Amino acid sequence: MKINTENLKEDMNTVSKIERREFLKIGFLITGVFAGGTVLSLASNIRGAFASTGEFTEKYPYKPHYSMLIRQNLCVDCERCIEACTKTNEVPSYGYRTIILEKVVPDAIGQKREFIPVLCNQCNNPPCVRVCPTRASYKDKNNGIVMIERKKCIGCKACVLACPYNARYFNEEVHAIDKCDFCFDTRLSKGEKLTGCAAACPTGARKFGDISDPNDFVYQMIHQIEKQVWVMRPEAGTKPNVFYMKA
Amino acid sequence: MADESTSSKKSTIVGELARSINPTLMSDLYSNVIEFLSGTRSFYVLLVLGLLTVFGASVAGLDAIRMGYRHAYGVTREISWGLIISTYIFFVVTSTGLCIVSSIGHVFGVKNFMPIVNRAVFLSVVTIFAGFTVIFFDIENPFRMAIYNAISPNMTSNLWWMGTLYGAYMVFMAIEYVLLLLNNHKFATYAGLAGLISGIVAHSNLGAIFGMLHSRDYWYGPYMPIYFIASAVMSGCAAVLFFTWVGYKVNNEKMDKPMERALEAVSKLTILMISVLLFFTAWKVITGLVGAPGKQAAIMATLAGPYAVNFWVFEVMLGMVIPFVLILYTRFKNINVSFIASAMMVLGIFFMRYDLVIVGQIVPAYHELGINDVPALLPYMPSLHEIIITIGGLGIVASAFLIGERVFRGHKDSGVH
Amino acid sequence: MDKKNIFLFLIILSISCLAGPLMLSASDEVSHGGDIIYDKPVKAVLFSHKVHAEDLGMGCDSCHDGIFQMASLTVQKEADFTMEGLSKGKYCGACHDGSMAFDSDSQCARCHIGVKGYDRAQGIKSGE
């Protein structure tokens with residue numbers, strides 16, 4: 001067995017200075033593109049990610065405060081989460097509650113591909129709930145999940161337009177808007193501890209937790225100054241409960 | 001306002017109402033029916049055509065309910081509001097505009113505007129009704145709406161305010177029209193004022209449905225509610241010029257001096273409102289060219305992208321610039337030219353509403369991430385069902401207008417008091 | 001056409017079928033197995049013979065038949081063809097250990113092309 005090992009070394013430690021400079025240049029050109037979302041500065045990191053301390057706890061006193069952490073670089077688009085979600089929540093073929101976005105950056109060094117799972121962000125400040133004329137969409141007072149009372153849904157689709165995350169669709173089978181509810185109806189309310197997608201994820205890219213509990217894994221992961229944590233579309237001011245980072 | 005009247009005042013209202021219903025009313029109604037039956041052949045051809053489109057739209061609408069809107073309409077998960085919503089907005093903008101323009105004469109007492117009042121009020125009821133009819137075929141569960149709008153209201157929802165106030169508005173305007181027919185101008189004015197206030201609040205809330213979507217850069221901001229009111233007045237002017245001219249043709253009559261002066265006054269208001277709208281549109285475009293990438297992408301789609309023809313040809317040229325030049329060139333005096341200008345405006349305004357609704361949705365949610373397989377701008381094409389329902393809505397307005405011209409004898413009862 | 005001619009035709013056909021690839025490999029135009037797409041235990045992983053053999057200049061005997069069988073996808077049947085197995089130095093992990101080549105524990109989506117990549121390779125249009 002003869003292998004030219006030098007050619008195979010592509011760890012970033014062995015990348016030449018020029019290559020590294022190139023990489024930084026790309027990084028500057030498309031900041032946020034690599035991260036897969038808008039990177040928060042450290043100051044907003046604390047405000048955005050430390051969603052369970054200080055004024056946040058007073059303003060959004062959910063117990064448990066359900067949350068999901070997406071460790072973006074661990075996602076390999078095996079789509080077992082989507083399969084599990086579809087099966088658990090009887091999602092019709094024309095709809096989805098969660099999806100995985102694919103991004104290819106041809107001029108990146110090394111890995112050129114990235115998968116970004118997206119789902120309802122269960123926002124602390126949900127635009128969909130504000131626009132609903134009949135309060136069919138509401139934020140659960142106990143656990144902060146954005147839920148739908150199907151019988152009240154008039155199907156005006158204002159919430160679909162209001163959502164910055166394309167998380168909603170009209171479900172013909174139940175004749176109401178459908179969206180991710182962290183599997184509250186199908187799993188959490190029946191004693192399960194995880195959402196269907198998080199339970200099915202083989203890599204740990206999706207971590208489900210409770211950010212009102214300091215011993216919780218998600219709580220601990222997102223409360224670290226040295227870790228870059230971000231949320232999707234922070235400019236929309238929705239204060240999401242789905243966080244992103246790289247493991 | 002009328003609601004604040006005391007019980008003693010109420011008895012006066014009843015008394016006056018009773019007095020205004022005089023014995024000649026029945027014979028009037030009878031002669032109205034005779035009048036209606038004595039129309040020309042082309043009148044009946046037009047009316048039958050109008051009613052046929054309404055029938056066709058009813059069939060298409062019921063078929064869409066049977067199939068499910070997802071199959072029948074061109075709307076998607078990403079572009080959930082399509083042609084039918086934009087048509088609804090077209091109708092309610094026109095209705096609100098007609099109400100505002102009529103109120104200048106009837107509520108605020110500007111004499112020049114009096115002759116157009118009856119027709120404008122009648123048409124404002126007709127257009128809002130047409131609007132409600134088309135949106136019936138876009139709301140998935142309209143019957144739930146009737147229940148839960150009342151028992152589970154969301155006071156922070158612009159949609160709730162819009163729907164509720166437009167419901168009240170339609171009632172007020174209908175009452176105003178009945179009182180106008182009864183020659184009870186005092187209470188008609190109260191009803192008109194109530195209609196005006198509820199209409200303006202409802203309409204600015206319709207603008208705010210879009211303006212308060214803070215994740216939609218193209219719409220977000222205080223611009224939309226303000227723009228909606230300004231463009232309602234412009235639409236109202238165009239509708240008055242258009243329908244008054246056609247009304248006189250249908251009745252085969254010559255306009256008298258007060259009516260000509262009224263249309264001249266409306267033409268002047270039209271020029272003012274086109275100027276305002278041109279100003280609004282220009283600054284919408286210019287401010288959109290800097291700032292949020294999503295907004296830039298949408299603005300560019302209207303300037304040089306798939307919506308450029310809609311924008312430049314229909315919105316800008318037909319909707320504003322050519323009518324502006326035509327009316328100004330004839331110095332407001334040529335009623336026929338004003339009519340042609342107004343017809344162009346009505347067409348242009350239809351495209352304004354369409355672009356306003358669709359272009360706000362064409363930029364994908366995660367556009368800034370640079371996702372694969374997602375087009376830079378999402379496509380939307382209205383389906384046949386949507387188009388037929390839209391034409392049916394126009395058919396409702398056309399048929400009701402034609403019937404109204406005959407039954408109410410060219411709406412000539414106002415302006416003499 | 002009589003039987004003799006058909007027989008002759010079949011012989012010529014089979015010879016040309018066998019000779020074609022042999023001649024190609026002799027002329028050294030395609031000297032590797034192209035793209036191998038594993039769909040188990042997860043969909044899906046892309047192994048590029050072009051990158052390894054052409055771009056990096058590795059010989060066939062680097063992997064065949066020691067780490068991988070010549071027949072493609074045979075390794076999928078193994079129970080330890082998992083990330084855990086790889087980190088123990090099996091299969092891809094023989095080289096992808098962080099010193100010889102980038103670690104199999106890093107840059108996941110460099111090899112994992114996902115269901116989307118799999119469908120694209122199979123010519124399946126992505127659904128909703």
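Every chain is numbered from 1, with letters handed out A, B, ... down the list of sequences. The shown structure was predicted, so the numbers you read here are calculated from the model rather than taken from an experiment.
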* To do: Output all residues satisfying side chain to side chain contact (heavy atoms under 4.5 Å, CB included) with A/C123, sequence neighbours left out; order by chain, then residue number.
  => A/N121, A/P126, A/Y165, A/T238
* Asked: Hey, is CD on C/Q122 packed in by over 12 heavy atoms from elsewhere, all under 6.0 Å?
  -> yes
* Asked: What is the minimum heavy-atom distance between C/I113 and A/D77, and which atoms define it?
  -> O-OD2, 4.2 Å
* **Most chain A-contacting option - heavy-atom pairs closer than 4.5 Å, from C/S106, C/G114, C/G66** => C/G114
* **Other residues, nucleotides, ligands: >12 heavy atoms within 6.0 Å of A/K112 NZ** => yes
* Structure fact -> To the nearest 0.5 Å, atom CZ of A/R113 lies from atom CD of C/Q107 at 11.5 Å
Identify each donor-acceptor pair in which a side-chain atom of residues 78-86 of chain A lies under 3.5 Å from a protein atom, sequence neighbours left out, and give them as a table.
unit_1, atom_1, unit_2, atom_2, d
A/E79, OE2, C/K116, NZ, 2.7
A/R80, NH2, C/P41, O, 2.6
A/T86, OG1, A/I82, O, 2.7

* Asked: Would a 4.5 Å heavy-atom cut-off, applied to side chains only, mark A/N73 and C/C108 as touching?
  -> no
